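These notes concern the structure reproduced below.
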Amino acid sequence: MTTVPGAELAETQRRETEEAGYLISGELELILDDRCLLLRAGDSFRFAHQAYRWRNPGIEPAVVIWVISPPVY
């Protein structure tokens, strides 16, 4: 997934999945329930069945490898 600066998933989502990711470049703010994590290149995350949203607070695109299991589209 690539997000431009200022892009966001504004509405909280919750899926019956396990999700993990690795930030290749840029910054990504990941909000899990009420906890806010600022991720930078080289950081990773993992969560399951949690409410989440995200935004790119940086000045460059954020590139994330985001894995969802089971896959839902």
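Reckoned from all heavy atoms, side chains included, excluding hydrogens, waters and symmetry mates. Since this is a predicted model, take the numbers as computed values, not measurements.
R53 pairs by the side-chain hydrogen bond (donor to acceptor under 3.5 Å, both in side chains) definition with nothing, not counting sequence neighbours. The side chain to side chain contact (heavy atoms under 4.5 Å, CB included) check on L38 picks up E27, R40, P57, with sequence neighbours excluded. Evaluation of the salt bridge (Lys or Arg N to Asp or Glu O under 4.0 Å) rule for E8 yields no partner, not counting sequence neighbours. Evaluation of the side-chain hydrogen bond (donor to acceptor under 3.5 Å, both in side chains) rule for D33 yields Q50 as partners, not counting sequence neighbours. Not counting sequence neighbours, R35 has no partner by the salt bridge (Lys or Arg N to Asp or Glu O under 4.0 Å) test. Every residue two or more places apart in sequence or in another chain that forms a salt bridge (Lys or Arg N to Asp or Glu O under 4.0 Å) with E29 is listed here: R55. For R46, the side-chain hydrogen bond (donor to acceptor under 3.5 Å, both in side chains) criterion is met by E18, not counting sequence neighbours. Under the rule for a side-chain hydrogen bond (donor to acceptor under 3.5 Å, both in side chains), the partners of E16 that lie at least two apart in sequence or sit in another chain are H49. Partners of A7 according to the side chain to side chain contact (heavy atoms under 4.5 Å, CB included) rule, which considers only residues two or more places apart in sequence or in another chain, are T3, V4, W54. Listed by chain and residue number, L9, E11, Y52 satisfy the side chain to side chain contact (heavy atoms under 4.5 Å, CB included) test with Q13 (two or more places apart in sequence, or in another chain).
The other members of the hydrophobic cluster of Y22, by chain and number, are I24, V63, I65, V67 (side-chain heavy atoms under 4.5 Å, ILVMFWY only).
Considering every non-hydrogen atom in both L39 and S44, the closest pair reads CD2-O, 4.3 Å. Across all non-hydrogen atoms, the minimal contact from G58 to P5 is O-CB, 3.2 Å. Shortest non-hydrogen contact noted between A41 and S25 is CB-CA, 3.9 Å. Closest non-hydrogen pair, I31 versus C36, comes out as CG1-SG, 4.1 Å.
Annotation: side-chain hydrogen bond (donor to acceptor under 3.5 Å, both in side chains) contacts involving residues 60-69, sequence neighbours excluded, comprise E19-W66.
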